[in-house]
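Structure record follows, encoded as structure tokens.
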Amino acid sequence: MTAITRTSRLARLRTLTVTGIATTGAAAVALTLTPAPAQAAEATQVSTGVVKASANDSHITQSGTATTAGKGSTSGTAGNLDGWIKQSLAIMKAKGIPGSYDGLRRNIMRESGGNPNAQNNWDVNAQKGTPSKGLLQVIDPTFNAFHVAGTANSVTDPVANITAAANYAAHRYGSIDNVNSAY
């Protein structure tokens with residue numbers, strides 16, 4: 001084998017290696033920038049009026065890809081994500097629950113992709129019989145603890161789901177706006 005051929009082959013091998021490393025690095029960056037799996041925490045303390053969660057409120061779920069469950073109620077709403085968020089914001093404002101349209105929408109899109117019937121049937125909560133449900137992937141105990149009067153008493157009702165999740169996030173993180181990954 002001549003020195004020129006060997007040099008050509010080594011150069012080609014280096015090029016392929018660098019290309020492979022760059023491709024692998026790009027894939028790793030893409031995975032790193034992918035939003036974290038959806039999570040919901042189980043509330044452990046309920047009171048009337050304003051609901052407080054305990055400091056030990058750390059039962060976490062990972063919903064990742066949500067599956068579609070039965071149809072949720074959309075009564076009393078505009079029947080679309082924009083309308084549900086706006087109706088929820090009006091209730092939140094009246095009840096003193098912090099949050100913004102952008103914060104709600106960002107979290108909804110990460111948690112359910114905007115599907116009010118999304119349900120996680122595979123995570124640890126689902127395995128224990130309490131799957132995460134709805135736009136913000138809330139489990140029944142959390143919904144029951146943080147349900148806001150004036151909304152439907154159904155975890156799959158879009159407005160009730162958004163408002164309860166925002167109430168939970170306000171107690172745990174100060175606001176749904178402070179939630180930028182699984183919660």
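Everything numeric here is computed off the predicted structure, so don't read it as measured data. Values reported hereafter were calculated over all heavy atoms of this structure, with side chains retained and with hydrogens, waters and symmetry mates removed.
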Problem - Atom pair CD (Gln137) and CG (Asn115), whose distance is rounded to the nearest 0.5 Å - result: 8.5 Å

Practice task
Would you check if there is a donor-acceptor pair between the side chains of Gln119 and Asn117 at a distance under 3.5 Å?
Solution key: no

Exercise for the section: Ignoring hydrogens and angles, tell me if any N or O in the side chain of Gln87 forms a donor-acceptor pair with the backbone of Val159 under 3.5 Å. Expected result: no

Practice task
Examine distances only and state if a side-chain atom of His147 and a backbone atom of Val155 form a donor-acceptor pair shorter than 3.5 Å.
Solution key: no

Practice task
Taking the side chain as every heavy atom from C-beta outward, state whether Lys133 and Val138 have any atom pair closer than 4.5 Å.
Solution key: no

Exercise for the section: Please examine the side chains of Leu81 and Leu135, heavy atoms only from C-beta on, and report whether any two atoms are closer than 4.5 Å. Expected result: yes

Exercise for the section: Indicate whether the side chain of Thr130 and that of Asp140 have a donor and an acceptor atom separated by less than 3.5 Å. Expected result: no

Exercise for the section: Can you measure from CG (Asn121) to CD (Gln127) and round to the nearest 0.5 angstrom? Expected result: 11.0 Å

Handout entry: Arg106 and Asn180: side chain donor to acceptor below 3.5 Å
Key = yes

Handout entry: Test item: Asn107 side-chain N/O and Val179 main-chain N/O as donor-acceptor pair under 3.5 Å
Key = yes

Fill in the blank from the handout: In short, Trp84 meets Pro116 closest at the heavy-atom pair CH2-CG, 3.6 Å

Fill in the blank from the handout: Heavy-atom nearest pair, Asp82 first then Tyr101, reads OD1-OH, 2.8 Å

Exercise for the section: To the nearest 0.5 Å, tell me how far Ile91 CD1 sits from Asn167 CG. Expected result: 11.5 Å

Practice task
Check whether the side chains of Thr163 and Ser88 place a donor and an acceptor atom closer than 3.5 Å, and report yes or no.
Solution key: yes

Exercise for the section: Report yes if some heavy atom in the side chain of Ser112 is under 4.5 Å from a heavy atom in the side chain of Ile108; otherwise report no. Expected result: yes

Fill in the blank from the handout: Heavy atoms of Ile176 and Gly99 approach each other most closely as CG2-CA, 3.9 Å

Exercise for the section: Mind telling me whether Tyr168 and Phe146 have parallel, tilted or perpendicular rings, with 30° and 60° as the class edges? Expected result: perpendicular

Completion exercise
For Gly134 and Asn161 the tightest heavy-atom approach is CA-ND2, 3.5 Å

Fill in the blank from the handout: Sequence neighbours excluded, the answer for salt bridge (Lys or Arg N to Asp or Glu O under 4.0 Å) partners of Lys93 is none

Handout entry: Leu136 to Ile162 - nearest heavy-atom pair and separation
Key = CD1-CA, 3.8 Å

Practice task
State the OG-CE distance between Ser175 and Met92, to the nearest 0.5 angstrom.
Solution key: 6.5 Å

Exercise for the section: Say whether, by atom type as modelled, one donor and one acceptor occur between the side chain of Asn120 and the main chain of Ser132 under 3.5 angstrom. Expected result: no

Exercise for the section: Heavy atoms only: give me the nearest Asn178-Tyr173 pair and the separation to one decimal. Expected result: ND2-O, 2.8 Å

